[in-house]
Peer 1: 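This is the structure I have questions about; it appears just below.
Note that the structure is a prediction, hence the values are computed from the model and not measured.
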Amino acid sequence: ELPMPEDIPVQEPPSAAQMEKLSPKMQRWLTRMGPFEMRPVYPRDELNPTKRPPNQQIWFRLTQKIGDDQNMHRAMLAYASDFYLLGTTTFPHAIRYYQPTVQMASLDHAMWFHRPFRVDEWLLYVLDRPTTKSARGLARGSIYTKDGILIATVAQEGLIRVLPKNTEIEKMRMMFTSARTENVERVQALFDEAGIETKITGGRSFKTYSRRGFTYNERQTTNNEPQQ
């Protein structure tokens, strides 16, 4: 029997001293504030994850009340269902998606709605991982109301890769791949995390200088694809 959400203490954010030691990417992840309140029943230490079975339970709800339109409630639930889902597959490996050497991407995400519900009331997300193999993980979830009624089922398969540690080439390849998103802030954070002095001039051009003695010339991309 699981504890009710009211009986689960709110997770405290990392201390200022801990945050100073983290990369910009990890700081954004750990301090993010979204429209949903999440209360894991058995929280994982995201700073120092340990190996554990691939299952977890999370209570969650929308923090603000919305109307009675079930289409809106289904849309908000579909958004919330992406949280924690693929990450459950990584539990036995003690890795996190925001590690510099970890690449994760959703390949497909399916959802079935069984009964009417309210997303602004507490819901229980029960997650597990049937299989992980060949750089792919399959996760599934069942979502219940507070009184135990199943209202939705979720399944997601994702790509999960762990790159070799301390490999400059792998880090740079990951950064150039990320540049395709044209998200300048994200690319800048990746370079900062790897300890590389970087000047980002836009999603399609950048010039880098490495403190480790590697020098990379300015890259100009066309059609949002980095030149090789």
Peer 1: Ignoring hydrogens, what is the shortest heavy-atom contact between Trp59 and Pro3? Give both atom names and the distance.
Peer 2: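 For Trp59 and Pro3, the tightest heavy-atom pair comes out as NE1-O, 2.9 Å.
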Peer 1: When rounded to the nearest 0.5 angstrom, what is the spacing between OG1 in Thr89 and CD in Glu157?
Peer 2: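 Nearest 0.5 Å value for the OG1-CD distance: 10.0 Å.
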Peer 1: Does one hydrophobic cluster hold both Phe91 and Tyr84, with members joined at side-chain heavy-atom distances below 4.5 Å?
Peer 2: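 Cluster IDs for Phe91 and Tyr84 differ.
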Peer 1: With a 4.5 Å heavy-atom cut-off, do Thr90 and Arg44 have their side chains touching?
Peer 2: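 The answer is yes, as the side chains (C-beta and beyond) meet within the 4.5 Å cut-off.
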Peer 1: Not counting sequence neighbours, which residues clear salt bridge (charged side-chain N to carboxylate O under 4.0 Å, His left out) with Lys146? List them please.
Peer 2: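 Only Glu6 meet the salt bridge (charged side-chain N to carboxylate O under 4.0 Å, His left out) criterion with Lys146.
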Peer 1: Which atom pair, heavy atoms only, marks the closest approach of Ile8 to Arg39?
Peer 2: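 What the structure gives for the nearest pair is O-NH1, 3.3 Å.
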Peer 1: Is the shortest side-chain heavy-atom distance between His109 and Leu85 below 4.5 Å?
Peer 2: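 Counting from C-beta outward, His109 and Leu85 do come under 4.5 Å.
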Peer 1: Using salt bridge (charged side-chain N to carboxylate O under 4.0 Å, His left out) as the criterion, list what pairs up with Arg61, not counting sequence neighbours.
Peer 2: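 Arg61 satisfies salt bridge (charged side-chain N to carboxylate O under 4.0 Å, His left out) with Glu37 only.
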Peer 1: Tell me whether Met4 is reachable from Ile58 by hopping between hydrophobic residues (I, L, V, M, F, W, Y) whose side-chain heavy atoms are closer than 4.5 Å.
Peer 2: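 No, Ile58 does not connect to Met4 through the hydrophobic network.
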Peer 1: Indicate if Phe60 and Tyr144 have the same hydrophobic cluster label, given that clusters are the connected sets of ILVMFWY residues with side-chain heavy-atom separations under 4.5 angstrom.
Peer 2: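 In one cluster: no.
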Peer 1: Around Met72, counting heavy atoms of other residues, nucleotides and ligands shown, do more than 12 lie under 6.0 Å from its CE?
Peer 2: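 12 or below, so no.
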Peer 1: Not counting sequence neighbours, which residues clear side-chain hydrogen bond (donor to acceptor under 3.5 Å, both in side chains) with Ser142? List them please.
Peer 2: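 Once residues adjacent in sequence are excluded, Ser142 has no partner under the side-chain hydrogen bond (donor to acceptor under 3.5 Å, both in side chains) criterion.
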Peer 1: List the atom pairs, with distances to 0.1 Å, where a side-chain N or O of residues 115-128 and a protein N or O form a donor-acceptor pair under 3.5 Å, not counting sequence neighbours.
Peer 2:
unit_1: Arg115; atom_1: NH1; unit_2: Leu150; atom_2: O; d: 2.6
unit_1: Arg118; atom_1: NE; unit_2: Asp120; atom_2: OD1; d: 3.0
unit_1: Arg118; atom_1: NH1; unit_2: Asp68; atom_2: OD1; d: 2.7
unit_1: Arg118; atom_1: NH2; unit_2: Ile66; atom_2: O; d: 2.8
unit_1: Arg118; atom_1: NH2; unit_2: Gly67; atom_2: O; d: 3.4
unit_1: Arg118; atom_1: NH2; unit_2: Asp120; atom_2: OD2; d: 2.9
unit_1: Asp120; atom_1: OD2; unit_2: Ile66; atom_2: N; d: 3.1
unit_1: Tyr125; atom_1: OH; unit_2: Ser81; atom_2: O; d: 2.7
unit_1: Asp128; atom_1: OD1; unit_2: Arg140; atom_2: NE; d: 2.9
unit_1: Asp128; atom_1: OD2; unit_2: Arg140; atom_2: NE; d: 3.0
unit_1: Asp128; atom_1: OD2; unit_2: Arg140; atom_2: NH2; d: 3.1

Peer 1: Are Leu86 and Leu107 co-members of a hydrophobic cluster defined by side-chain heavy atoms under 4.5 Å apart?
Peer 2: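 The answer is no; the residues belong to distinct hydrophobic clusters.
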Peer 1: Show your reasoning for whether side-chain contact (heavy atoms from CB on, under 4.5 Å) applies to Leu77 and Phe113.
Peer 2: CA-CA 10 Å; Leu77 186 66; Phe113 299 100; 3.9 Å; yes
Peer 1: Can you pull out every side chain to side chain donor-acceptor pair (under 3.5 Å) where at least one residue sits in residues 129-138? Sequence neighbours excluded, please.
Peer 2: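 Residue pairs passing side chain to side chain donor-acceptor pair (under 3.5 Å), neighbours aside: none found.
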Peer 1: Among the clusters formed by ILVMFWY side chains lying less than 4.5 Å apart, do Leu138 and Leu159 turn up in the same one?
Peer 2: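 Leu138 does not cluster with Leu159.
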Peer 1: State, to 0.1 Å, how close Pro130 and Ala139 come at their nearest heavy-atom pair, and which atoms those are.
Peer 2: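 Between these two residues, the closest heavy atoms are CD-CA, 4.3 Å.
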Peer 1: Below 4.5 Å, heavy atoms only, C-beta onward: do Asp82 and Gln156 meet side chain to side chain?
Peer 2: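 They are in contact (side-chain heavy atoms under 4.5 Å apart), so the answer is yes.
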Peer 1: Would one find more than 12 heavy atoms of other residues, nucleotides or ligands at under 6.0 Å from atom CZ of Arg52?
Peer 2: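 Correct, the count exceeds 12.
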Peer 1: Mind checking side-chain hydrogen bond (donor to acceptor under 3.5 Å, both in side chains) for Gln56 and listing every partner two or more places apart, or none if nothing turns up?
Peer 2: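 With neighbours one apart ignored, the set is Thr88.
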